[in-house]
A.B. asks: 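The following block contains the structure, expressed as structure tokens.
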Amino acid sequence: MHDGYAMDNVLIIHIAANNGFENTSTTGNGSITLSSARHETSVTVNQWLTGMGVIVQSPYPELLPTLSRNVPPWPSRNDQFYLTDLDQLASFLKQTAQLSLELRKQSASNNTDPFSGEDTHSVSKTDTDLSPDGFPPASPQETEIERLRRERIGQDIYRRALMAYWHGACAVTGITLPEVLRASHAKPWAECTNDAERLDVFNGFLLVANLDVLFDRFLISFDEGGNLLTSSRLPAEDMQALGLHPEMKLRWVEKEHLPYLHWHRQRFLAVNCCAPTSECQTDTHDITSR
């Protein structure tokens with residue numbers, strides 16, 4: 001029902017942006033090339049049935065031997081590495097970017113351009129004043145701006161992924177007008193433990209705007225069969241005005257949705273029931289009855 005490779009590409013692009021490779025381009029064969037304005041190294045990622053092949057191109061001869069100490073290269077070529085999962089990719093990209101920045105810094109301090117071999121007489125502050133993690137230091141204000149920028153990029157990526165997964169239509173109503181469709185997380189962005197959860201296409205639904213707000217505020221939820229659950233805090237006249245009715249349900253539910261639906265339903269029950277959550281779990285219909 002969905003293209004697993006397309007979903008992984010979304011995660012790869014986001015992981016790359018957070019680990020020193022903010023520029024990406026794709027090719028017709030599905031590979032992704034990662035690069036950065038901060039250094040001259042590029043990485044090409046090719047997804048395989050299990051894991052992925054990563055090819056590193058860099059003007060710095062010291063880079064590949066250093067990377068090989070942690071990840072053995074492919075037997076037939078020393079610039080290609082086999083990585084098992086996205087977590088290993090994130091670690092590999094971060095190390096590659098940090099090393100490339102440090103090697104560029106060393107090259108600049110030696111007044112040598114790694115491409116031309118000619119002397120360079122100016123060294124930028126960005127190249128020389130690096131923080132311990134290999135990236136330019138940032139003030140607290142700049143750090144917050146960067147966090148917000150990354151969050152915005154991640155949410156844009158997530159919306160595109162949900163648009164693809166739900167074929168551009170609301171997961172409940174089937175409405176296809178893009179301007180009124182929202183990417184709605186089941187487990188909110190701020191409460192996810194990692195980027196994999198935040199960008200997991202199963203951690204949310206493409207919803208028309210009114211359903212998105214209700215879902216986000218835990219005024220509605222869905223059971224394991226995708227059937228609509230509504231809060232008793234919603235007056236009948238408001239439900240009618242909002243177009244809610246008991247027959248509404250998700251167009252489909254896959255097993256990967258269930259953990260996130262369970263999380264959302266638990267919070268929905270806690271918000272809409274005065275009793276402890278464990279007591280509410282046994283009496284869902286009392287929460288949702290009129």
Side-chain angles (χ1 to χ4, degrees), residues 2-27 29-39 41-48 50-56 71 81-101 133-136 138 142-166 168 178 181-207 212 216 256-257 259-260 263:
H2 66 282
D3 186 341
Y5 275 9
M7 294 304 104
D8 284 349
N9 282 351
V10 170
L11 288 173
I12 288 171
I13 291 170
H14 184 70
I15 287 169
N18 284 340
N19 289 281
F21 291 87
E22 72 277 9
N23 300 324
T24 62
S25 62
T26 58
T27 63
N29 63 7
S31 65
I32 304 176
T33 299
L34 314 173
S35 60
S36 174
R38 294 177 175 176
H39 55 77
T41 299
S42 66
V43 175
T44 301
V45 181
N46 295 283
Q47 293 188 68
W48 297 337
T50 57
M52 62 198 79
V54 176
I55 300 173
V56 179
V71 181
F81 302 81
Y82 172 74
L83 305 179
T84 58
D85 54 36
L86 294 175
D87 286 339
Q88 190 178 21
L89 176 66
S91 177
F92 183 88
L93 291 178
K94 183 175 183 178
Q95 183 187 26
T96 302
Q98 289 174 346
L99 288 170
S100 297
L101 285 164
D133 66 357
F135 293 94
E142 290 170 332
T143 300
E144 178 64 12
I145 291 172
E146 177 66 12
R147 183 191 68 78
L148 292 172
R149 185 187 71 85
R150 289 181 175 179
E151 181 174 326
R152 184 177 67 252
I153 291 172
Q155 290 173 342
D156 288 344
I157 290 172
Y158 188 66
R159 185 178 189 275
R160 291 198 298 271
L162 280 184
M163 286 288 287
Y165 178 83
W166 290 99
L181 296 176
R182 305 288 184 267
S184 193
H185 278 84
K187 186 175 183 181
W189 179 278
E191 300 200 38
C192 291
T193 57
N194 52 49
D195 284 343
E197 277 192 351
R198 293 184 183 99
L199 295 176
D200 190 347
V201 74
F202 296 106
N203 180 20
F205 304 94
L206 190 67
L207 298 175
D212 166 58
D216 183 65
E256 292 88 350
H257 286 120
Y260 296 113
W263 189 99

A.B. asks: Kindly give the heavy-atom pair with the smallest separation between Gln47 and Met52, and that separation in Å.
C.D. replies: CA-CB, 4.2 Å
A.B. asks: I need the Tyr158 OH to Trp189 CH2 distance, nearest 0.5 Å.
C.D. replies: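 The OH atom of Tyr158 sits 9.5 Å away from the CH2 atom of Trp189.
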A.B. asks: If you look at every heavy atom in Ser184 and Leu162, which pair is closest and at what distance?
C.D. replies: N-CD1, 4.2 Å
A.B. asks: Step by step, would you call Val43 with Ile55 a side-chain contact (heavy atoms from CB on, under 4.5 Å)?
C.D. replies: CA-CA 6 Å; Val43 175; Ile55 300 173; over 6 Å; no
A.B. asks: Return the set of residues passing side chain to side chain contact (heavy atoms under 4.5 Å, CB included) with Glu197 (not counting sequence neighbours), or none when no residue passes.
C.D. replies: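 Glu197: side chain to side chain contact (heavy atoms under 4.5 Å, CB included) contacts with Lys187, Cys192, Thr193, Asn194, Tyr260.
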A.B. asks: What residues, two or more places apart in sequence or in another chain, satisfy side chain to side chain contact (heavy atoms under 4.5 Å, CB included) together with Gln95?
C.D. replies: Leu67, Asn70, Leu99
A.B. asks: Quick check: do Asn203 and Arg198 have side-chain heavy atoms less than 4.5 Å from each other?
C.D. replies: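 No, too far: nothing below the 4.5 Å cut-off.
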A.B. asks: Suppose we screen for side-chain hydrogen bond (donor to acceptor under 3.5 Å, both in side chains). Which residues come up paired with Ser91, at least two apart in sequence or across chains?
C.D. replies: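 Result, side-chain hydrogen bond (donor to acceptor under 3.5 Å, both in side chains) vs Ser91: none returned.
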A.B. asks: For the residue pair Met163 and Pro178, what are the closest heavy atoms and their distance?
C.D. replies: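 Where Met163 meets Pro178 most closely, the heavy atoms are CE-CB, 4.4 Å.
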A.B. asks: Would you please name every residue forming a side-chain hydrogen bond (donor to acceptor under 3.5 Å, both in side chains) with Ser100, sequence neighbours left out?
C.D. replies: Thr41
A.B. asks: Measure the spacing between CD1 of Ile15 and CD of Gln88 and express it to the nearest 0.5 Å.
C.D. replies: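 CD of Gln88 is found 11.5 Å from CD1 of Ile15.
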A.B. asks: Run the side-chain contact (heavy atoms from CB on, under 4.5 Å) test on Arg159 and Leu181 for me, step by step, so that the C-alpha distance in whole Å, both residues' side-chain angles and the decisive distance to 0.1 Å come before the verdict.
C.D. replies: CA-CA 9 Å; Arg159 185 178 189 275; Leu181 296 176; 4.1 Å; yes
A.B. asks: Of the non-hydrogen atoms in Leu206 and Ala183, which two are nearest, and what is the gap between them?
C.D. replies: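 The pair with the smallest heavy-atom distance is CD1-N, 4.4 Å.
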A.B. asks: Check side-chain hydrogen bond (donor to acceptor under 3.5 Å, both in side chains) between Thr44 and all other residues, then give those that pass, not counting sequence neighbours.
C.D. replies: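 With sequence neighbours excluded, Thr44 shows a side-chain hydrogen bond (donor to acceptor under 3.5 Å, both in side chains) to Thr33, given in chain and number order.
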A.B. asks: Are the aromatic rings of Phe205 and His257 close, with centres under 6.0 Å apart?
C.D. replies: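 Ring centroids of Phe205 and His257 are less than 6.0 Å from each other.
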A.B. asks: Looking only at heavy atoms, which two atoms of Asn46 and Ser31 are closest? And how far apart?
C.D. replies: OD1-CB, 2.9 Å
A.B. asks: Could you tell me which residues satisfy ring pair (Phe, Tyr, Trp, His ring centres under 6.0 Å) with Phe92, sequence neighbours excluded, listed by chain and number?
C.D. replies: Phe81
A.B. asks: Check step by step if side-chain contact (heavy atoms from CB on, under 4.5 Å) holds for Arg182 and Leu207.
C.D. replies: CA-CA 5 Å; Arg182 305 288 184 267; Leu207 298 175; 5.6 Å; no
A.B. asks: Kindly indicate, with the supporting measurements, whether the criterion side-chain contact (heavy atoms from CB on, under 4.5 Å) is fulfilled by Val45 and Leu34.
C.D. replies: CA-CA 8 Å; Val45 181; Leu34 314 173; 4.0 Å; yes
A.B. asks: I need the Thr26 OG1 to Ile13 CD1 distance, nearest 0.5 Å.
C.D. replies: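 Answer rounded to 0.5 Å: 7.0 Å.
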A.B. asks: From Trp48 CH2 over to Thr84 OG1, what is the distance, rounded to the nearest 0.5 angstrom?
C.D. replies: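 Interatomic distance, Trp48 CH2 to Thr84 OG1, rounded to 0.5 Å: 12.0 Å.
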A.B. asks: Taking all heavy atoms of Gly20 and all of Ser36, pick out the closest pair and write down the distance.
C.D. replies: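 In terms of heavy atoms, the two residues are closest at O-CB, 3.3 Å.
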A.B. asks: I'd like to know if the side chain of Asp200 reaches the main chain of Ala196, judged simply by a donor and an acceptor atom lying under 3.5 Å from each other, with no hydrogens or angles considered.
C.D. replies: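 Flag not set: sc Asp200 to bb Ala196 has no pair under 3.5 Å.
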A.B. asks: Starting at CG of Leu199, measure out to CD1 of Ile12 and round the result to the nearest 0.5 Å.
C.D. replies: 12.0 Å
A.B. asks: Report the distance from atom CG of Leu89 to atom CG of Leu93, rounding to the nearest 0.5 Å.
C.D. replies: 4.0 Å
